[in-house]
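Throughout, protein chains are lettered first and strands after them, A, B, ... in sequence-line order, and every chain is numbered starting at 1. Atoms considered below: every heavy atom in the structure, side chains included; atoms not considered: hydrogens, waters and symmetry mates.
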Amino acid sequence: MILKIYDTLLKTYGYQDWWPVSTTADPFLEISLGAILTQNTNWKNVEKALQNLQTKKVLNWKTLQKINISILQELIKPAGFYKRKSTTIKNFVKTINPQKKENITRQTLLNIKGIGKETADSILLYGLEKPIFVVDTYTKRLFSRLGLTKKDIKYDELQKLIQDKIPKNTHIYQEYHALIVKHAKEHCKKKPICTKCPLESLCNKNVII
DNA sequence: AGCCAGGCCAAGC
DNA sequence: GCTTGGCATGGC
(Lines give C-alpha, C1' and ligand atoms only; values in the text may rest on other atoms or scores of the structure.)
Protein backbone atom coordinates (compact mmCIF):
# COMPACT_ATOMS: atom_id res chain seq x y z
CA MET A 1 0.00 0.00 0.00
CA ILE A 2 2.77 2.44 0.93
CA LEU A 3 4.42 1.69 -2.41
CA LYS A 4 1.16 1.96 -4.30
CA ILE A 5 0.63 5.42 -2.87
CA TYR A 6 4.11 6.41 -4.01
CA ASP A 7 3.54 5.06 -7.51
CA THR A 8 0.21 6.84 -7.79
CA LEU A 9 1.59 10.17 -6.61
CA LEU A 10 4.57 9.85 -8.92
CA LYS A 11 2.34 9.05 -11.88
CA THR A 12 0.11 12.01 -11.06
CA TYR A 13 2.60 14.72 -10.27
CA GLY A 14 5.83 13.50 -11.86
CA TYR A 15 9.30 13.82 -10.37
CA GLN A 16 9.55 16.81 -8.06
CA ASP A 17 13.32 16.99 -8.02
CA TRP A 18 13.47 18.58 -4.61
CA TRP A 19 14.84 20.24 -2.41
CA PRO A 20 13.91 23.63 -3.91
CA VAL A 21 17.33 25.19 -3.75
CA SER A 22 18.41 28.20 -5.75
CA THR A 23 21.66 27.55 -7.55
CA THR A 24 24.02 28.42 -4.78
CA ALA A 25 27.66 27.81 -4.11
CA ASP A 26 26.85 25.92 -0.94
CA PRO A 27 23.76 23.71 -1.24
CA PHE A 28 24.36 22.03 2.12
CA LEU A 29 24.28 25.34 3.95
CA GLU A 30 21.28 26.65 2.07
CA ILE A 31 19.33 23.43 2.53
CA SER A 32 20.10 23.43 6.24
CA LEU A 33 19.02 27.04 6.69
CA GLY A 34 15.90 26.39 4.65
CA ALA A 35 15.05 23.42 6.87
CA ILE A 36 15.41 25.58 9.98
CA LEU A 37 13.56 28.57 8.56
CA THR A 38 10.61 26.56 7.30
CA GLN A 39 9.67 25.29 10.76
CA ASN A 40 5.91 25.81 10.91
CA THR A 41 6.25 28.40 8.17
CA ASN A 42 5.12 28.87 4.61
CA TRP A 43 7.92 28.23 2.12
CA LYS A 44 7.23 31.53 0.33
CA ASN A 45 8.28 33.34 3.49
CA VAL A 46 11.40 31.22 3.73
CA GLU A 47 12.33 32.20 0.19
CA LYS A 48 12.23 35.87 1.14
CA ALA A 49 14.49 35.26 4.10
CA LEU A 50 16.96 33.24 2.04
CA GLN A 51 16.89 35.91 -0.63
CA ASN A 52 17.79 38.53 1.97
CA LEU A 53 20.72 36.43 3.14
CA GLN A 54 21.84 35.94 -0.44
CA THR A 55 21.58 39.62 -1.34
CA LYS A 56 23.50 40.71 1.74
CA LYS A 57 26.20 38.11 1.02
CA VAL A 58 25.64 36.47 4.36
CA LEU A 59 24.94 33.00 3.02
CA ASN A 60 28.29 31.50 3.96
CA TRP A 61 29.68 29.88 7.09
CA LYS A 62 32.21 32.48 8.10
CA THR A 63 29.85 35.42 7.90
CA LEU A 64 27.06 33.59 9.69
CA GLN A 65 29.45 32.68 12.49
CA LYS A 66 30.48 36.28 12.94
CA ILE A 67 27.34 38.24 12.12
CA ASN A 68 25.61 40.20 14.84
CA ILE A 69 22.50 38.29 15.78
CA SER A 70 20.25 41.34 15.60
CA ILE A 71 21.29 41.84 11.99
CA LEU A 72 20.60 38.20 11.27
CA GLN A 73 17.17 38.61 12.80
CA GLU A 74 16.33 41.51 10.52
CA LEU A 75 17.29 39.47 7.47
CA ILE A 76 15.28 36.38 8.34
CA LYS A 77 12.29 38.24 9.73
CA PRO A 78 9.98 37.33 6.84
CA ALA A 79 10.21 33.68 7.88
CA GLY A 80 8.70 34.39 11.29
CA PHE A 81 9.78 33.16 14.75
CA TYR A 82 12.91 35.08 13.95
CA LYS A 83 14.37 35.35 17.44
CA ARG A 84 14.27 31.63 17.96
CA LYS A 85 15.41 30.77 14.45
CA SER A 86 18.33 33.20 14.54
CA THR A 87 19.57 31.48 17.69
CA THR A 88 19.15 28.09 16.06
CA ILE A 89 21.13 29.21 13.03
CA LYS A 90 23.88 30.54 15.28
CA ASN A 91 23.97 27.25 17.17
CA PHE A 92 24.08 25.37 13.89
CA VAL A 93 26.99 27.22 12.29
CA LYS A 94 28.88 27.09 15.57
CA THR A 95 28.46 23.34 15.98
CA ILE A 96 28.78 22.04 12.43
CA ASN A 97 32.08 21.82 10.64
CA PRO A 98 31.30 21.85 6.90
CA GLN A 99 34.71 20.33 6.22
CA LYS A 100 33.73 17.22 8.11
CA LYS A 101 30.27 16.44 6.91
CA GLU A 102 30.98 12.74 7.11
CA ASN A 103 30.97 13.02 10.89
CA ILE A 104 27.50 14.51 11.10
CA THR A 105 24.91 12.14 12.51
CA ARG A 106 21.26 12.51 13.42
CA GLN A 107 22.32 12.86 17.03
CA THR A 108 24.80 15.61 16.18
CA LEU A 109 21.95 17.62 14.75
CA LEU A 110 19.45 16.78 17.49
CA ASN A 111 21.92 18.07 20.07
CA ILE A 112 21.66 21.52 18.50
CA LYS A 113 19.01 23.50 20.32
CA GLY A 114 16.23 24.46 17.94
CA ILE A 115 16.71 21.45 15.68
CA GLY A 116 14.22 18.65 16.18
CA LYS A 117 13.57 15.42 14.36
CA GLU A 118 12.04 16.74 11.19
CA THR A 119 14.63 19.45 10.69
CA ALA A 120 17.46 17.03 11.42
CA ASP A 121 16.10 14.44 9.02
CA SER A 122 15.56 17.03 6.29
CA ILE A 123 19.19 18.08 6.56
CA LEU A 124 20.31 14.46 6.48
CA LEU A 125 18.12 13.45 3.55
CA TYR A 126 18.44 16.49 1.30
CA GLY A 127 21.66 18.09 2.48
CA LEU A 128 23.72 14.99 3.11
CA GLU A 129 21.89 12.52 0.87
CA LYS A 130 21.39 9.92 3.57
CA PRO A 131 18.49 7.48 3.28
CA ILE A 132 16.36 8.79 6.13
CA PHE A 133 12.67 9.44 5.60
CA VAL A 134 11.36 12.86 6.60
CA VAL A 135 8.05 12.81 8.48
CA ASP A 136 6.06 16.01 8.71
CA THR A 137 2.50 17.11 9.45
CA TYR A 138 1.57 16.40 5.84
CA THR A 139 2.83 12.84 6.13
CA LYS A 140 0.95 12.23 9.33
CA ARG A 141 -2.22 13.74 7.99
CA LEU A 142 -2.12 11.84 4.71
CA PHE A 143 -1.46 8.40 6.17
CA SER A 144 -3.98 8.93 8.90
CA ARG A 145 -6.67 9.98 6.45
CA LEU A 146 -5.88 7.03 4.25
CA GLY A 147 -6.68 4.92 7.30
CA LEU A 148 -3.19 3.45 7.58
CA THR A 149 -2.15 4.99 10.88
CA LYS A 150 -3.57 6.62 13.96
CA LYS A 151 -3.49 10.39 13.81
CA ASP A 152 -1.38 10.69 16.95
CA ILE A 153 1.28 8.21 15.81
CA LYS A 154 4.74 9.14 17.00
CA TYR A 155 7.38 10.49 14.67
CA ASP A 156 9.82 7.61 14.94
CA GLU A 157 7.09 5.04 14.65
CA LEU A 158 5.70 6.42 11.41
CA GLN A 159 9.20 6.87 10.03
CA LYS A 160 10.06 3.25 10.69
CA LEU A 161 6.78 2.03 9.27
CA ILE A 162 7.45 3.83 6.00
CA GLN A 163 11.13 2.95 5.80
CA ASP A 164 10.37 -0.72 6.32
CA LYS A 165 8.01 -0.77 3.35
CA ILE A 166 10.02 0.97 0.66
CA PRO A 167 13.51 0.37 -0.73
CA LYS A 168 16.23 2.04 1.33
CA ASN A 169 17.21 4.52 -1.32
CA THR A 170 17.97 8.21 -0.85
CA HIS A 171 16.47 9.28 -4.13
CA ILE A 172 13.19 7.47 -3.47
CA TYR A 173 12.96 8.92 0.03
CA GLN A 174 13.58 12.40 -1.30
CA GLU A 175 11.04 12.00 -4.04
CA TYR A 176 8.36 10.44 -1.86
CA HIS A 177 8.51 13.18 0.73
CA ALA A 178 8.40 15.85 -1.96
CA LEU A 179 5.38 14.17 -3.55
CA ILE A 180 3.58 14.08 -0.22
CA VAL A 181 4.15 17.80 0.21
CA LYS A 182 2.91 18.45 -3.31
CA HIS A 183 -0.16 16.31 -2.80
CA ALA A 184 -0.94 17.81 0.60
CA LYS A 185 -0.85 21.29 -0.88
CA GLU A 186 -3.09 20.41 -3.79
CA HIS A 187 -5.60 18.03 -2.25
CA CYS A 188 -4.93 16.75 1.22
CA LYS A 189 -5.00 20.15 2.90
CA LYS A 190 -6.17 20.74 6.42
CA LYS A 191 -9.53 21.23 4.82
CA PRO A 192 -9.29 18.53 2.17
CA ILE A 193 -10.19 18.98 -1.48
CA CYS A 194 -11.20 15.48 -2.45
CA THR A 195 -12.44 16.32 -5.93
CA LYS A 196 -10.11 14.73 -8.48
CA CYS A 197 -7.90 13.36 -5.73
CA PRO A 198 -5.55 10.78 -7.26
CA LEU A 199 -5.72 8.70 -4.07
CA GLU A 200 -9.50 8.70 -3.86
CA SER A 201 -9.86 4.98 -4.49
CA LEU A 202 -7.39 4.21 -1.69
CA CYS A 203 -8.85 6.62 0.82
CA ASN A 204 -11.31 6.16 3.61
CA LYS A 205 -13.12 9.46 3.36
CA ASN A 206 -14.97 8.84 6.57
CA VAL A 207 -11.82 9.70 8.41
CA ILE A 208 -11.53 13.46 8.21
CA ILE A 209 -9.27 15.14 10.67
C1' DA B 1 -10.61 39.12 8.47
C1' DG B 2 -9.24 35.12 10.02
C1' DC B 3 -6.84 31.00 9.29
C1' DC B 4 -2.88 28.76 7.94
C1' DA B 5 2.05 27.39 7.09
C1' DG B 6 7.20 21.44 5.45
C1' DG B 7 8.31 22.63 14.31
C1' DC B 8 10.45 23.10 18.55
C1' DC B 9 10.93 23.83 23.33
C1' DA B 10 9.71 24.69 28.21
C1' DA B 11 6.51 24.24 31.69
C1' DG B 12 3.00 21.85 34.01
C1' DC B 13 0.55 17.65 34.95
C1' DG C 1 5.64 9.94 30.09
C1' DC C 2 1.86 13.38 27.61
C1' DT C 3 -0.46 18.04 26.78
C1' DT C 4 -0.36 22.92 26.22
C1' DG C 5 1.10 27.57 25.09
C1' DG C 6 4.30 30.61 22.97
C1' DC C 7 6.86 31.93 19.16
C1' DA C 8 5.79 35.79 14.17
C1' DT C 9 5.51 36.86 9.45
C1' DG C 10 3.08 37.09 4.98
C1' DG C 11 -0.28 34.76 1.67
C1' DC C 12 -4.81 33.67 0.57
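Between A/Lys113 and the phosphate of B/dA10, there is a side-chain N or O to OP1/OP2 separation shorter than 4.0 Å. A/Asn45 has no side-chain polar atom (N or O) that falls below the 4.0 Å cut-off from OP1 or OP2 of C/dG10. Close to B/dA5, at under 4.0 Å from its OP1 or OP2, lies a side-chain N or O of A/Arg141. Phosphate proximity of B/dA5 to A/Thr137: absent, as no side-chain N or O sits under 4.0 Å from OP1 or OP2. A close approach under 4.0 Å does not occur between any side-chain nitrogen or oxygen of A/Thr41 and OP1 or OP2 of B/dG7.
Of the candidate nucleotides B/dC8, C/dG11, B/dC4, B/dC4 has the atom lying nearest to any side-chain atom of A/Lys190. Among the nucleotides B/dC8, C/dG10, C/dT9, the one closest to the side chain of A/Glu118 is B/dC8. Comparing B/dA5, B/dC8, B/dC9 by their closest approach to the side chain of A/Asn42 singles out B/dA5. Checked against B/dA10, C/dA8, B/dC8, the side chain of A/Arg84 finds its nearest nucleotide in B/dC8. Comparing C/dA8, B/dC8, C/dC2 by their closest approach to the side chain of A/Lys154 singles out C/dC2.
Salt-bridge formation is detected for the pair A/Asp156/A/Arg106: a Lys NZ or Arg NE/NH1/NH2 atom is positioned less than 4.0 Å from an Asp or Glu carboxylate oxygen.
As judged by a 4.0 angstrom heavy-atom cut-off over every strand, A/Phe81 is placed among the base-contacting residues. Contacts of A/Lys83 with the nucleic acid, taken as non-hydrogen atoms under 4.0 Å apart, involve only primed sugar atoms and P, OP1 or OP2. At a threshold of 4.0 angstrom between heavy atoms, the contacts of A/Lys48 are confined to the sugar-phosphate backbone, with no base atom among them. Backbone-only engagement by A/Ile115 is indicated by non-hydrogen atom pairs under 4.0 Å involving sugar-phosphate atoms exclusively.
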Dot-bracket for DNA chain C, please, read 5' to 3', with Watson-Crick or G-U wobble pairs under 3.5 Å on both distances, ( ) within the strand, [ ] crossing, | other strand, . unpaired.
-> |||||||.||||
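Checking each of A/Thr38, A/Thr41, A/Leu33 against A/Lys85 for a side-chain contact (heavy atoms from CB on, under 4.5 Å) leaves exactly one that passes, namely A/Thr41.
Between the side chain of A/Glu175 and the backbone N or O of A/Gln16 there is at least one donor-acceptor pair closer than 3.5 Å.
A residue-by-residue look at A/Gly114 and A/Val134 shows that A/Val134 has its nearest nucleotide of DNA chain B further toward the 5' end.
B/dA10 and C/dA8 are spaced 14 Å apart, taking the P atom of each and rounding to whole Å.
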